[in-house]
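When a ligand or atom number is given, it counts from 1 through the structure's own listing order.
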Amino acid sequence: MTTLQVSDLTVRHHGPRGPVIAVDGVSLQIPSGTTLGLVGESGSGKSSLARAIVGLDPVHGGKVLLDGRELRVRTVRDRRRLGRLVQVVLQDPDTALDPRMTVRQTLVEAATAFHRLDRRVRPERVAALLELVGLDPRLADRLPRQLSGGQRQRVAVARALAVEPGLLIADEITSALDVSVQASVLNTIRELQRRLGLSMLFIGHNLPAVCYVSDTVAVMRQGRIVETAATGALLRTPQHPYTRTLLASVPSLRTPPTEEEPS
Ligand SMILES: Nc1ncnc2c1ncn2[C@@H]1O[C@H](COP(=O)(O)OP(=O)(O)OP(=O)(O)O)[C@@H](O)[C@H]1O
Ligand SMILES: [Mg+2]
């Protein structure tokens, strides 16, 4: 379990017409074992923020603290330490996995990459990881192309969990999936929170989906966080006009996703 603190973080990109400030002085906190949802329209800077946290996008200013220690990604050792603590799952289940590796190889590689001493990953471990993300362990010897999009996304989550990170960053992991499959993956995320006590940054542009899995929700717009509140409070008494606009565009917020994906 890991505590994340981000203070006054700024991320700048080089766009075709000069610098783009993607993240503009953002501060947030994820106490150990809780989930922060980050919601905002396309281009608001969500992925830039996530990528900067793990050193994939350049940090122009501000600080990232993991368990109180400032995060620096300068050396291979830094990257290993970071990878052990924080794992990221991205949107696209099609490019996330190596097409030539079976599910088992993918999970074993992830588990051994960060835990040198634990070279032998037993079959039970692979089965347990697959069960954790709601997959039949018999899928272990399949290749990504022999799986559905939802199954591939679950494998990507299992791979991240194989590393036993303290913090999981999920960036739009359900956006590319059918609505019913989305609901099922969201339920899996909730189950993982309950069983593993993970800290999580859950990013999406679908407010109900983000609220469904988050303790606290931060609303991002044009590189800034305009409102942060406990999920219930955000739904009941949104403070910022932009949050109200987001809420107004959602038909039925209180219906939790229930449909199940055939496995
Ligand atoms: N590598 C890059 N080079 C230049 N500009 C970038 C780069 N990555 C992102 N941007 C710009 O930074 C801004 C924020 O992009 P970002 O991808 O962080 O948004 P987002 O909230 O994740 O959007 P989405 O919901 O579409 O994923 C946008 O204006 C985008 O065009
Ligand atoms: Mg994004």
Using a 4.0 Å cutoff against the non-hydrogen atoms of Ala22, which atoms of ligand 1 qualify? 12 (O), 13 (C), 14 (C)
Provide the number and element of each atom of ligand 1 under 4.0 Å from a heavy atom of His14. 4 (C)
Counting heavy atoms not belonging to Arg81, are there more than 12 under 6.0 Å from its CZ? yes
Kindly state if atom 31 (O) of ligand 1 has a protein heavy atom within a strict 4.0 Å cut-off, that is, under 4.0 Å? no
Is Arg125 paired with Glu164 through a side-chain N to carboxylate O contact shorter than 4.0 Å? yes
Is any heavy atom of the protein nearer than 4.0 Å to atom 6 (C) of ligand 1? yes
min-distance protein heavy atom vs atom 8 (N) of ligand 1 -> His13 NE2, 3.4 Å
Side chains of Leu201 and Ile203: does their closest heavy-atom pair fall under 4.5 Å? yes
Arg190 and Thr35: side chain donor to acceptor below 3.5 Å: no
Protein residue, atom and distance nearest to atom 27 (O) of ligand 1, heavy-atom basis: Ser47 OG, 3.9 Å
Under 4.0 Å between a side-chain nitrogen and a carboxylate oxygen: does that hold for Asp141 and Arg104? yes
Under 4.0 Å from a heavy atom of Glu41: which atoms of ligand 1 are those, numbered in the order shown and with their elements? 21 (O)
Answer yes or no: does an N/O atom from Gly45 fall short of 3.5 Å to an N/O atom of ligand 1? yes
Within the stated cut-off of 2.8 Å, is an N/O/S atom of Ser47 closer than that to the Mg ion (ligand 2)? yes
Starting from atom 26 (O) of ligand 1, find the nearest protein heavy-atom neighbour and note its residue, name and distance. Ser42 OG, 2.5 Å
Do the side chains of Val11 and His60 get nearer than 4.5 Å, heavy atoms only? no
Looking only at protein heavy atoms, which one is nearest to atom 15 (O) of ligand 1, and how far off is it? Ser48 OG, 3.8 Å
Tell me whether Met220 reaches ligand 1 (any heavy atom closer than 4.0 angstrom to a ligand atom). no
Give a yes or no on whether a salt bridge exists between Arg100 and Asp98, defined as a side-chain N under 4.0 angstrom from a carboxylate O. yes
Polar-atom distance check: Lys46 versus ligand 1, any N or O pair below 3.5 Å? yes
Pick one of side chain, backbone, both or neither for how Glu172 approaches ligand 1, counting any non-hydrogen atom pair under 4.0 Å. side chain
Counting non-hydrogen protein atoms only, what is the nearest one to atom 29 (O) of ligand 1? Give residue, atom name and distance. Val20 CG1, 3.9 Å
Evaluate the side-chain proximity of Glu41 to Arg221: yes if any heavy-atom separation is below 4.5 Å, no if none is. yes
Heavy atoms, side chains only, cut-off 4.5 Å: are Ile53 and Val88 in contact? no
Quick one: look up the protein heavy atom nearest atom 28 (C) of ligand 1 and list residue, atom name and how far away it is. Gly43 O, 3.8 Å
Gly40: heavy atom below 4.0 Å from ligand 1, yes or no? no
With a 4.5 Å limit on heavy-atom distance, are the side chains of Val155 and Gln151 in contact? no
Residue pair Thr10 / Val23, side-chain heavy-atom distance below 4.5 Å: no
